[in-house]
Amino acid sequence: MRVLLFTHEQDIDGMGSIILSLQVFKDLKYVPCKTFEITKRVHEFFDSKEIYNYDKIFVTDLCIKEPLLSIINDDEILRERLIVLDHHKSEIVEGNNKYDFVNIIVENERGKTSGTSLFYEYLIKQGYILPTPCLDELVEMTRQYDTWEWNKIYNNAKARKLHLLFEQVGYKKYIEKVCNIIDTKDTFEFDQEDLKIIEDFDIKLNEEVPLILKGMKIKTLVIDNVSYKIGFVISPYKYRNDLSEIIKENNKYDIDLVGIIMTDTDTVSYRCVKDVDVSKVGVYFGGKGHKGAASNEKSNKKFLDILNMFN
């Protein structure tokens with residue numbers, strides 16, 4: 001069976017689907033995609049007709065947009081071969097889950113989902129993969145980190161270490177390292193080299209974040225009659241998840257959320273500081289997301305006013 005996988009390239013949740021696929025499918029092509037380019041990438045395979053060369057096509061941790069969704073739904077071959085497994089509630093709000101091949105599942109009987117956990121459950125149910133303690137832990141750490149339950153519920157620092165390893169080594173090396181752990185160990189354990197890489201991340205984080213926060217600019221937006229006080233900062237992508245936690249320890253500007261303008265990607269990420277729905281801000285600027293984490297493209301016209309604050 002020839003398999004084509006499109007997934008998110010910018011976090012460990014997207015990487016989880018690649019790693020699981022490599023355990024299962026011998027004839028696999030995977031296409032890592034940035035948050036807002038998934039529809040374009042799938043369309044490229046459709047336009048070139050290459051997409052018809054595959055027996056099964058997966059889109060995980062991301063969702064295709066219209067009008068491509070309608071085109072796929074009207075294509076008898078692709079409608080049967082392609083499946084979307086995503087967990088972003090903004091896709092439900094947009095109505096992208098109205099097709100049978102699109103599965104947007106934010107929560108299930110096990111709790112909050114992630115792209116990796118949904119894909120793992122699908123592979124098990126279809127008989128493609130047998131669960132193991134090592135795979136179980138990888139999937140659960142990925143799910144916990146992506147849903148913030150590692151911090152809010154489980155106090156599972158190991159899940160954060162998995163994320164830090166990815167941020168330090170990049171997706172190709174991360175896939176290689178994690179696959180090596182799965183192939184050689186019964187349970188998921190980092191080696192000393194990995195732990196040193198993870199330690200180095202935190203050293204740099206503690207040095208650089210105070211300088212990042214010094215440049216914060218405050219903007220209040222009213223969206224659907226709700227006021228959001230946002231602290232915008234300019235930062236590398238790798239610090240997006242740690243900034244909000246550091247701000248929570250000393251929220252001197254009393255902001256509701258932090259808006260992180262990336263220096264190394266074309267996106268802006270939002271993370272909650274207080275108990276607010278940051279997806280409302282992401283969607284306001286043409287983006288998507290969850291209650292606690294969302295994003296939009298810098299190029300959105302509405303966002304130009306924010307960028308001008310830093311000029």
Side-chain angles (χ1 to χ4, degrees), residues 1-35 38 41 54-63 82-88 103 105 110 112-147 149-150 156-191 193-195 197-198 201 237-238 241:
M1 184 169 69
R2 300 195 70 197
V3 175
L4 177 62
L5 169 67
F6 297 89
T7 193
H8 196 195
E9 75 170 26
Q10 294 169 281
D11 63 21
I12 62 172
D13 196 23
M15 294 301 100
S17 293
I18 295 175
I19 291 162
L20 290 173
S21 294
L22 289 170
Q23 307 305 307
V24 176
F25 303 115
K26 293 182 179 178
D27 193 348
L28 170 72
K29 180 169 185 174
Y30 62 83
V31 184
C33 303
K34 294 180 180 178
T35 304
I38 179 61
R41 297 304 305 276
Y54 298 91
D55 304 297
K56 202 73 179 177
I57 304 130
F58 297 106
V59 178
T60 65
D61 197 32
L62 295 169
C63 186
L82 189 145
I83 182 169
V84 175
L85 294 166
D86 191 22
H87 65 123
H88 294 92
N103 302 270
I105 305 169
R110 297 187 179 185
K112 289 184 179 179
T113 65
S114 72
T116 297
S117 68
L118 291 172
F119 192 49
Y120 191 47
E121 289 171 16
Y122 172 87
L123 292 175
I124 293 171
K125 185 177 180 180
Q126 297 299 317
Y128 288 125
I129 197 170
L130 292 174
T132 68
C134 195
L135 287 175
D136 288 350
E137 186 174 11
L138 169 66
V139 171
E140 178 60 9
M141 284 193 298
T142 302
R143 187 197 69 81
Q144 285 184 20
Y145 191 80
D146 204 63
T147 61
E149 289 185 359
W150 74 272
N156 184 3
K158 192 174 179 181
R160 179 176 179 266
K161 289 179 180 179
L162 189 68
H163 157 76
L164 296 189
L165 181 65
F166 167 76
E167 294 295 345
Q168 283 288 75
V169 303
Y171 82 81
K172 291 181 180 178
K173 193 68 176 176
Y174 175 81
I175 292 169
E176 178 186 319
K177 282 179 170 292
V178 173
C179 284
N180 182 62
I181 292 172
I182 294 169
D183 291 341
T184 61
K185 297 181 180 179
D186 294 329
T187 58
F188 198 96
E189 299 297 337
F190 299 107
D191 62 24
E193 178 184 335
D194 294 339
L195 291 172
I197 290 170
I198 292 162
F201 181 98
Y237 184 78
K238 63 184 179 180
N241 289 334

Within-4.5 Å side-chain heavy-atom neighbours: [X] and [Y]:
X: I19; Y: Q23; answer: yes
X: I12; Y: D146; answer: no
X: L135; Y: I129; answer: yes

I need the [X] [atom1] to [Y] [atom2] distance, nearest 0.5 Å.
X: K56; Y: R2; atom1: NZ; atom2: CZ; result: 16.0 Å
X: I181; Y: T187; atom1: CD1; atom2: OG1; result: 10.0 Å
X: F25; Y: L4; atom1: CZ; atom2: CG; result: 11.5 Å
X: I182; Y: E137; atom1: CD1; atom2: CD; result: 11.0 Å
X: D86; Y: I38; atom1: CG; atom2: CD1; result: 9.5 Å
X: R160; Y: H163; atom1: CZ; atom2: NE2; result: 7.0 Å

Please confirm whether the backbone N or O of [Y] pairs with a side-chain atom of [X], one donor and one acceptor, at under 3.5 Å?
X: S17; Y: T60; answer: no
X: S117; Y: T113; answer: no
X: K158; Y: F188; answer: yes
X: N103; Y: V84; answer: yes

Determine whether D194 and K177 satisfy the following criterion, side chain to side chain contact (heavy atoms under 4.5 Å, CB included), listing intermediate values before the conclusion. CA-CA 9 Å; D194 294 339; K177 282 179 170 292; 2.7 Å; yes
Should Q144 and S114 be marked as a side chain to side chain contact (heavy atoms under 4.5 Å, CB included) after you check the CA-CA gap, both sets of side-chain angles, and the distance that decides it? CA-CA 8 Å; Q144 285 184 20; S114 72; over 6 Å; no
Establish, from distance only, whether the side-chain atoms of [X] and [Y] form a donor-acceptor pair under 3.5 Å.
X: Q10; Y: T35; answer: yes
X: D13; Y: T116; answer: yes
X: Y145; Y: N241; answer: yes

If I compare all heavy atoms of [X] with all of [Y], which pair ends up nearest, and what's the gap?
X: R110; Y: E121; value: CD-OE2, 3.7 Å
X: P32; Y: R41; value: O-NH1, 3.9 Å
X: C179; Y: L22; value: SG-CD1, 4.0 Å
X: K112; Y: R143; value: O-NH1, 2.8 Å
X: C33; Y: F6; value: SG-CD2, 4.1 Å
X: F58; Y: I83; value: CD2-CG2, 3.1 Å

Please check if the number of heavy atoms outside K185 that lie under 6.0 Å from its NZ is greater than 12.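 Yes - once you tally the heavy atoms of other residues, nucleotides and ligands closer than 6.0 Å, there are more than 12.
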Under 6.0 Å from the CG atom of D27, do we count more than 12 heavy atoms belonging to anything else shown?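 Check passes, neighbour count above 12.
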Run F201 and I197 through side chain to side chain contact (heavy atoms under 4.5 Å, CB included) and show every step you take. CA-CA 7 Å; F201 181 98; I197 290 170; over 6 Å; no
With side chain to side chain contact (heavy atoms under 4.5 Å, CB included) as the test, would you mind laying out the steps for L162 and W150 before giving the verdict? CA-CA 11 Å; L162 189 68; W150 74 272; over 6 Å; no
Residue that, paired with V169, satisfies side-chain contact (heavy atoms from CB on, under 4.5 Å) out of K173, E167, K172: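 Exactly one option meets the side-chain contact (heavy atoms from CB on, under 4.5 Å) with V169, and it is K173.
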